[in-house]
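Inspection log for the structure reproduced underneath, given as structure tokens.
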Amino acid sequence: MGMNDLTINKQQGQELNLKQQEAVTLSDQSALILAGAGSGKTKVLTSRFAWLIQNQIASPGGILAVTFTNKAAKEMLVRISAQLPINPRGMWVGTFHGLCNRFLKKHYQDASLPQIFQILDSADQKSAIKRVMKKMNIDEDFLPSKEVLYFINGNKEEGVRSNAYKAFDDISEKKNAIYKAYEDQCLKEGVVDFAELLLRCLELFQNKPMIREHYQSIFKHILVDEFQDTSKLQYEWLKLLTAKNSFIFAVGDDDQSIYGFRGARPGNMKDLQKDFKINNIIKLEQNYRSKNNILNAANAIIENNADRLGKNLWSEAGDGDLIRQYNALDDRFETSYILDEIKGLHRSGSRYDQIAILYRNNAQSRVIEMAMVSNNIPYRVYGGLRFFERAEIKSSLAYLRLITNKKDDTAFLRIINFPPRGIGAKALELIQDVANAEKISLWQSAERIESENKNTKISFFVHLIRHIEDQIEGNNIDESIDFINSYSTLKDHYGKDKDGSSRIENLDELVSAAKAYINEFREENTENESGDSKASILSDFLDFTSLESGELQASAGDDALQLMTIHSSKGLEFDTVFITGLEEGLCPHERSLSENNGLEEERRLMYVAVTRARQKLYLTLAQSRLTYGQTMYNLPSRFLDEIPNELVKRINAPKKSFAISTAKIATHSETKHAWKIGAAVEHAKFGVGIVTGYEGNENDLRVQINFHSYGVKWLAMEYAKLAEI
DNA sequence: CCCGAGGACCTTTTT
DNA sequence: GGTCCTCGGG
């Protein structure tokens with residue numbers, strides 16, 4: 001696995017340093033470990049796990065270790081088993097969602113859930129909400145489903161059910177009515193969304209003292225990774241589990257909290273100290289990753305944030321190269337500079353997969369990708385559509401889901417007419433009317449219609465599903481999926497499509513994924529005498545496809561350039577890192593500026609980006625950039641000013657090509673004014689800005705300026721007192 | 001039902 | 001500039 005190679009810390013194999021040792025060998029007490037970037041965080045967590053067992057303080061089943069991503073959970077398991085000769089089965093190591101799912105599956109009756117419940121991913125959830133709104137006759141123009149989604153998830157995150165919500169106006173009342181109907185619909189269909197997994201598990205522990213106390217006494221030690229990213233709900237969950245003589249060992253870095261927008265609450269770190277009476281936090285500040293010039297830049301940037309627990313990274317690795325900053329004229333020049341540098345690095349022996357290009361938003365990758373394609377440089381883009389989120393995969397799985405759970409209306413709607421089989425809006429309306437009138441699921445409704453009228457297209461669909469169900473009875477999942485892919489005519493359908501071949505490949509890949517899943521499952525269960533039933537393996541597999549949405553993408557091991565957003569670079573490290581688009585409006589993003597503490601989160605983002613680099617760090621920016629089809633003129637990012645001068649070597653683009661691109665517009669005013677498009681100017685009242693356009697003739701010339709703090713303004717040249725900077 | 005034109009949208013993302 | 005969704009004609 002290529003990705004895992006990248007994340008293995010340099011320090012592995014060496015002894016623990018004093019601070020790490022102190023953390024690992026803490027006696028029975030709760031602890032907060034402030035672990036800076038590259039300070040050996042995962043090593044400390046897994047060593048702690050091993051230490052607790054080796055010293056017989058806890059048994060493997062008596063520790064709960066929780067992370068955010070499957071990847072991190074897997075890595076933790078791998079590293080624990082490298083240190084200890086124990087069977088990972090039965091150990092409670094996983095993601096918040098994965099562990100909650102495990103608790104809920106085990107206690108489904110106490111949680112008031114059906115034995116088999118399907119997990120909705122975000123897209124499923126959104127379409128479920130849309131369905132509710134349609135049923136309630138609420139127009140999207142009046143209330144966008146996206147806003148309702150936000151409302152529902154936000155409330156679940158706060159632990160607020162619809163019956164506990166206090167509406168304060170018509171809109172909030174309406175939203176809550178949808179929330180209520182959505183809760184009912186999920187229950188009826190036997191489906192659970194991501195936030196529900198957490199909330200329902202919390203409620204299970206709250207409402208069932210027997211179960212709560214059982215787990216409270218089992219888990220004496222709870223280890224939490226990336227604690228700064230925990231939400232309110234997750235923190236409540238942790239508090240409940242540790243309420244009775246248990247200890248929490250939380251590892252995190254408040255400076256790397258970059259997920260505020262999805263509920264992360266770095267304030268949990270301060271609450272933790274208070275709630276668990278932790279008086280000394282252990283700081284891991286020695287960095288085993290980067291050269292000091294890079295660390296000093298990172299330290300200087302993050303220094304500008306006010307609300308920090310505070311730490312300073314240092315390293316024994318020496319100063320290293322100066323950071324290079326390149327000011328390009330536009331995004332294409334920026335890319336060609338990066339391209340040249342990468343070619344040079346590669347010539348002198350760098351591997352492509354040790355070079356990362358980071359950007360603030362995904363749209364920025366396009367220009368870079370085009371340049372790489374035309375120069376035959378292999379690259380890999382992270383993020384974007386995940387394997388299990390692909391339309392063809394979701395469709396194939398929907399057949400399996402419907403057969404597993406006939407009440408799953410989401411799955412039903414996905415495939416009732418896909419591939420197209422002549423069931424249109426009218427037929428669907430009939431099915432829905434019958435379902436509503438009889439209070440039955442769409443599938444039951446279709447069956448009822450079928451029993452009354454045998455020769456319809458609906459009847460054809462019912463027989464199709466029943467036939468698939470008969471045929472896959474007793475089969476392994478991979479065989480079942482293979483059968484579905486053909487018999488449902490999914491493959492034929494894509495075969496007709498001119499760009500359907502990759503979709504067919506993906507459908508085959510799904511069969512392989514299922515096979516791999518079963519094999520892994522068998523391996524883990526060899527000692528387990530009570531052979532799990534085929535049905536429960538199937539349901540586990542479906543959970544897996546919802547919870548593990550990605551990272552199954554193939555070809556990870558290739559030597560390819562790594563392209564990703566800054567967010568997805570967290571936790572990774574590379575010899576060389578290019579941070580691109582370092583302009584005001586992009587990084588920091590303009591939308592963050594109006595948010596509460598938005599700028600500080602952007603600065604943490606910058607901090608994360610800088611600390612990804614081991615040896616070489618490049619910072620690039622462009623004076624103008626094509627965004628959403630429009631040329632935008634941006635000022636350099638304020639974060640660049642926060643890096644001490646002596647750490648940076650600045651490289652500026654030649655001026656002449658710039659003059660050519662703007663000559664036409666500039667001639668307008670050449671006689672009277674020196675201002676050109678893209679020029680930085682200063683205004684007495686509005687401060688610093690960038691000239692972005694002209695309007696009018698020689699006598700009445702108006703200039704458009706994008707001001708740093710006042711936004712875009714039109715000023716009459718005659719009156720505006722501008723000074724060039 | 002299917003397809004194409006036209007409109008609205010557009011940070012970041014894991015589960 | 002690109003994508004996703006909706007709506008209307010074929």
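Every heavy atom of this structure was used, including side-chain atoms; hydrogens, water molecules and symmetry mates were not. A note on names: the letters A, B, ... follow the listed sequences, proteins ahead of strands, and every chain is numbered from 1.
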Under 4.0 Å from OP1 or OP2 of [N]: is there any side-chain N or O of [X] that close?
X	N	value
A/Thr69	B/dT14	no
A/Tyr382	B/dT14	no
A/Arg386	B/dT13	no
A/Asn362	B/dT11	no
A/Thr95	B/dT14	no
A/Asn417	B/dC1	yes

Using a 90° cut-off around 0 for syn, call B/dT12 syn or anti.
anti
Expressed in whole Å, how much space separates the C1' atoms belonging to C/dT3 and B/dT14?
23 Å
Whole-angstrom distance between C/dT6 and B/dT11, as gauged at atom C1':
26 Å
So what does [X] touch, heavy atoms closer than 4.0 Å: a base, only the sugar-phosphate, or nothing?
X	result
A/Glu602	base
A/Phe68	sugar-phosphate
A/Tyr259	sugar-phosphate
A/Ser546	nothing
A/Ile423	sugar-phosphate
A/Asp229	nothing

salt_bridge(A/Asp121, A/Lys394) N-O dist < 4.0 Å:
yes
Does a side-chain N-to-carboxylate-O contact under 4.0 Å join A/Lys105 and A/Asp540?
no
Which of these nucleotides, [options], is closest to any side-chain atom of [X]?
X	options	result
A/Glu389	B/dC10, B/dT15, B/dT13	B/dT15
A/Leu547	B/dT15, B/dT13, B/dC10	B/dT15
A/Pro420	B/dC1, B/dT14, B/dT15	B/dC1

Is the ring centre of A/Phe103 less than 6.0 Å from the ring centre of A/Tyr215?
yes
Identify, residue by residue, the members of residues 582-596 of chain A with a heavy atom below 4.0 Å from DNA chain B, and return them in order of residue number, or none.
A/His589, A/Arg591, A/Ser592, A/Glu595
Can you confirm if the NZ or CZ of A/Arg380 lies within 45° of the ring axis of A/Tyr382 and under 6.0 Å from the centre of its six-membered ring?
yes
Is it true that A/Glu583 and A/Ser637 share a donor-acceptor pair across their side chains at a distance under 3.5 Å?
no
Between which nucleotides of DNA chain C, 5' to 3', does chain A make heavy-atom contacts below 4.0 Å?
C/dG1 to C/dT3
Only one of A/Ile537, A/Leu547, A/Leu397, A/Asn405 passes side-chain contact (heavy atoms from CB on, under 4.5 Å) with A/Leu542; say which it is.
A/Leu397
What about A/Ser122: does its side chain form a donor-acceptor pair under 3.5 Å with the base of B/dT14?
no
